[in-house]
Amino acid sequence: MNIHEYQAKEILRSYGIPVPRGRVALKADQVQRTAREMGGRCVVKAQIYAGGRGKAGGVRLVANPDEALLAAKDLFGKTLVTPQTGPDGLIVRRILVEEAVEIAREFYLSITLDRQTSRYCVIASAEGGMEIEALAEKSPEKIHILTIDPYIGLRPYQARKLALALGMTGRLCEECVALITNLYRCCLEKDCTLVEINPLVITKADWLLAMDAKVNFDDNALFRHPEYPDMTDLSQIDPLEITAGEFDLSYIKLKGNIGCMVNGAGLAMATLDMLSEYGGAPANFLDVGGGATRDRVAEAFKIILGDPDVRGVFVNIFGGIMRCDVIAEGVIAAASEVGCTLPIVVRMDGTLVEEGKRLLDESDLNVKFTHDLAEGVESIVGMVGKSSD
Ligand code: ADP
Ligand code: MG
């Protein structure tokens, strides 16, 4: 789960990590008023669920409240496209107004889960501000990585070694040790999969400050944090993903034009691979799960049809616990309700498959039934057309 920079900074502040003074605004006149309170000169920062805003014009240094108002009017409602948003970009609905800080040096600091070792690791570099992926590619020796043993935790001497590797000495080094230690505590207690400060800065007045902040929560730990869902900004999420979440369906939008309804993540992955193998391009990954009901299947199907990129639907279901007749009923109900005329290919096998096939055959939908996966994939790709890339 994602949250905004201003929310991430509130959390960091509660762990004693220094962040710039700032306030979030939902309207342009609030931005102007806050800028006045900050003394005029400040930074106006678009809040979207993606980084790379600086280069995309989403972070503006303004000299006075009037300039802040102009920047806010320009940014509110604007769609920002950054390397992290994808081509459709994200719309700006909230703005963080922050004191303008005089920066002497920028660093990179994050704690994330290393899936290889199944441990948290601290990543730090004296080359902040730029994308860590690019740095890892170009000069991996400039990135310092510390893997944390969960039983021992993060010891101060380890944090100090990192701070020294970043070139910090004396008081700043000890401040940095405290900051890294607090960041790790935050990561554990808040169940984060990522806490990233890029850039962490040393100001001209010689203080450490988290200038940007990104926090991702572990979705599997949401049950421990009932307050998290209220932090979500729905304007930053694909409406179809929101609906899918309400019905407990895993839905992920992809770039192609073939909607896929599948049961089980493994079968979903295999389906996407097969579609690509035959030159097709999946429009999504939608897993209805093991014991879906007719209504959930119908909702899943409506979500797929709600995506304007979809030119045809491929259903690939193995009926174990899930009954094929239930799938067929759900597909028929949803397709009839929305008046779907797109081609549908249903590959089903397993429990009550003959009953499911009969229901589909008797419906007046544009639907083709197959037993064989390759045959099903070939026919949907044949009807929708191959992907151009
Ligand atoms: P993003 O990572 O999305 O581009 P950042 O918050 O990192 O956004 O801002 C981009 C750059 O803008 C930072 O690297 C920093 O140099 C500058 N910046 C951000 N906030 C401030 C601030 N409050 N004062 C001065 N400069 C800032
Ligand atoms: Mg940043």
Side-chain angles (χ1 to χ4, degrees), residues 2-13 17-25 31-32 34-65 67-68 71-72 74-76 78-86 89-112 123-136 142-143 166 179 183 192 194-216 233 236:
N2 230 323
I3 53 171
H4 281 303
E5 174 198 5
Y6 77 92
Q7 296 163 316
K9 279 178 166 163
E10 273 168 27
I11 294 177
L12 294 189
R13 185 184 287 123
I17 294 171
V19 296
R21 273 188 312 130
R23 189 180 303 160
V24 71
V31 171
Q32 186 184 32
T34 309
R36 198 172 294 127
E37 284 164 18
M38 299 246 166
R41 204 176 113 82
C42 58
V43 178
V44 172
K45 305 182 80 173
Q47 300 295 287
I48 53 170
Y49 280 1
R53 296 162 300 165
K55 284 184 201 141
V59 178
R60 315 242 179 114
L61 177 68
V62 295
N64 54 55
E67 272 186 29
D74 183 41
L75 284 172
F76 271 127
K78 191 173 186 155
T79 301
L80 275 187
V81 180
T82 83
Q84 293 181 19
T85 58
L90 284 168
I91 195 157
V92 181
R93 295 274 184 228
R94 303 180 192 190
I95 284 179
L96 172 64
V97 187
E98 213 170 59
E99 64 177 311
V101 176
E102 303 278 348
I103 300 171
R105 284 193 64 187
E106 300 197 345
F107 302 85
Y108 176 93
L109 178 67
S110 70
I111 301 181
T112 188
I123 304 174
S125 174
E127 307 236 339
M130 70 184 288
E131 283 156 42
I132 197 73
E133 293 85 357
L135 186 63
K142 290 185 177 158
I143 300 178
L166 296 179
L179 191 149
L183 198 63
C192 303
L194 172 75
V195 286
E196 184 184 66
I197 303 177
N198 186 25
L200 169 72
V201 306
I202 297 180
T203 66
K204 290 218 169 120
D206 225 20
W207 294 104
L208 269 182
L209 211 52
M211 188 101 309
D212 189 10
K214 178 173 173 151
V215 165
N216 283 349
D233 177 0
Q236 301 296 302

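Along the sequence shown, residues are numbered consecutively beginning with 1. Remember, it's a predicted structure, so these values are computed and weren't measured experimentally. Note that ligands are numbered from 1 as they come in the structure, with each ligand's atoms numbered from 1 the same way.
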Please could you name the atoms of ligand 1 that Gly51 approaches to less than 4.0 Å, counting only its heavy atoms? 3 (O)
Proximal ligand 1 atoms for Asn198, defined as those under 4.0 Å from one of its heavy atoms: 7 (O)
Asn198 atom O and Asp212 atom OD2 as seen from the Mg ion (ligand 2), angle to 10 degrees: 100°
Does ligand 1 come near enough to Ile103 that some N or O of the ligand is less than 3.5 Å from an N or O of the residue? no
Using a distance threshold of 2.8 Å, state whether an N, O or S atom of Met211 lies below it from the Mg ion (ligand 2). no
Check for me whether Glu102 has a heavy atom closer than 4.0 Å to any atom of ligand 1. no
What distance do Glu5 atom CD and Met211 atom CE have between them, rounded to the nearest 0.5 Å? 9.0 Å
Please list, in number order, the atoms of ligand 1 under 4.0 Å from a heavy atom of Gly52. 1 (P), 2 (O), 3 (O), 4 (O)
Any N or O of Val101 that comes nearer than 3.5 Å to an N or O of ligand 1? yes
Under 4.0 Å from a heavy atom of Asp212: give me the atoms of ligand 1 that qualify, with their elements. 1 (P), 2 (O), 5 (P), 6 (O), 7 (O), 8 (O)
Checking contacts here: is it the side chain or the backbone of Arg53 that comes within 4.0 Å of ligand 1, counting heavy atoms only? Could be both or neither. both
Pairs of nitrogen or oxygen atoms closer than 3.5 Å, one from Pro199 and one from ligand 1: do any exist? no
Logged contact type for Glu99 with ligand 1, heavy-atom cut-off 4.0 Å, is backbone
Note: Ala8 and Val215 closest approach over all heavy atoms is CB-CG2, 3.7 Å
